[in-house]
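Have a look at the structure below before the remarks.
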Amino acid sequence: MVDVIISGDAGKIHAVYHKSANEAAPLAVILSGNPHAGFHMNDRVSYALFRAYMDIGFSVVRFNYRGVGDSEGTLGTTSDNMADIATVIDWIQNQNEESDRLWLAGHHIGAWYAIQAMMRRPEVSGFTLISPDSSVSDFTFLSPRPNRGLMLQGALENEEAHAFGVHLTQILKKQAMIDLETIKIKDANDKYGTPAELKQLYNDTKAYVGRENEDDKLL
């Protein structure tokens with residue numbers, strides 16, 4: 001993996017990129033949580049997601065939104081961060097013109113960004129959501145978009161978070177016709193602070209994405 005600089009609307013976007021030896025390998029973009037809560041591209045969850053996709057054989061990139069770490073600009077709004085995400089997606093696709101599959105993975109607010117980006121990008125093949133931010137309640141952007149994905153939550157997250165997970169699953173199925181598989185990680189909260197919790201997050205992501213990506217090859 002190497003550090004790269006991507007030109008964005010607010011200046012340079014700092015990213016870390018791994019390119020698969022297979023020129024036609026699928027692509028993945030990792031979306032970290034809310035920077036106002038201290039999340040960034042090198043936090044434990046973002047790194048675990050990056051390694052899971054990398055070890056399956058994907059070309060994968062993680063990055064800091066504008067105003068975070070070495071990415072230029074000031075902390076942005078949702079629209080600003082979505083613009084950065086679009087820039088990074090375009091960048092990795094331009095680096096891998098032989099690839100025709102794209103996955104998105106997001107933690108916390110990044111999970112919402114992943115769903116929104118999927119609605120705008122028909123080339124997205126699937127996604128991974130990690131403990132979506134339960135304070136977000138606007139589903140108006142959803143439209144029929146048959147797809148599939150994985151949602152991971154910590155078994156020790158609060159009741160509100162678990163109820164929200166059930167609600168999100170129903171909404172995605174009803175409004176967007178998305179097949180969402182849900183897994184609860186034992187002894188974890190939404191921070192996944194121990195090596196055992198991160199290892200399970202890594203293993204569950206790798207198993208699901210690996211299986212679904214193999215199914216793609218049969219179509």
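Values in this document were obtained by computation on a predicted structure and should not be read as measured data.
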Qualifying residues under salt bridge (charged side-chain N to carboxylate O under 4.0 Å, His left out), relative to Asp90, sequence neighbours excluded:
Arg121
So, using salt bridge (charged side-chain N to carboxylate O under 4.0 Å, His left out) as the criterion, who are the partners of Asp55 when residues are at least two apart?
Arg51
Heavy-atom neighbours of Lys19 NZ exceed 12 at 6.0 Å:
yes
Run the side chain to side chain donor-acceptor pair (under 3.5 Å) check on Asn81 and Thr78 step by step: do they pass?
CA-CA 5 Å; Asn81 291 337; Thr78 293; 5.9 Å; no
Where the side chain of [X] meets the backbone of [Y], is there a donor-acceptor pair that is under 3.5 Å apart?
X	Y	result
Ser71	Asn64	yes
Glu23	Glu98	no
Gln153	Ala161	yes
Ser131	His108	no

Under the ring pair (Phe, Tyr, Trp, His ring centres under 6.0 Å) rule, collect the residues that match up with Tyr53, sequence neighbours excluded.
Phe58
As a quick check of understanding, evaluate side chain to side chain donor-acceptor pair (under 3.5 Å) for Gln93 and Ser99, giving each step before the final call.
CA-CA 8 Å; Gln93 289 179 321; Ser99 178; over 6 Å; no
Strictly under 6.0 Å, is that where the ring centroids of Phe63 and Tyr65 end up?
yes
Strictly under 6.0 Å, is that where the ring centroids of His107 and Phe39 end up?
yes
Return yes if a side-chain donor-acceptor contact under 3.5 Å exists between Ser135 and Asp133, otherwise no.
yes
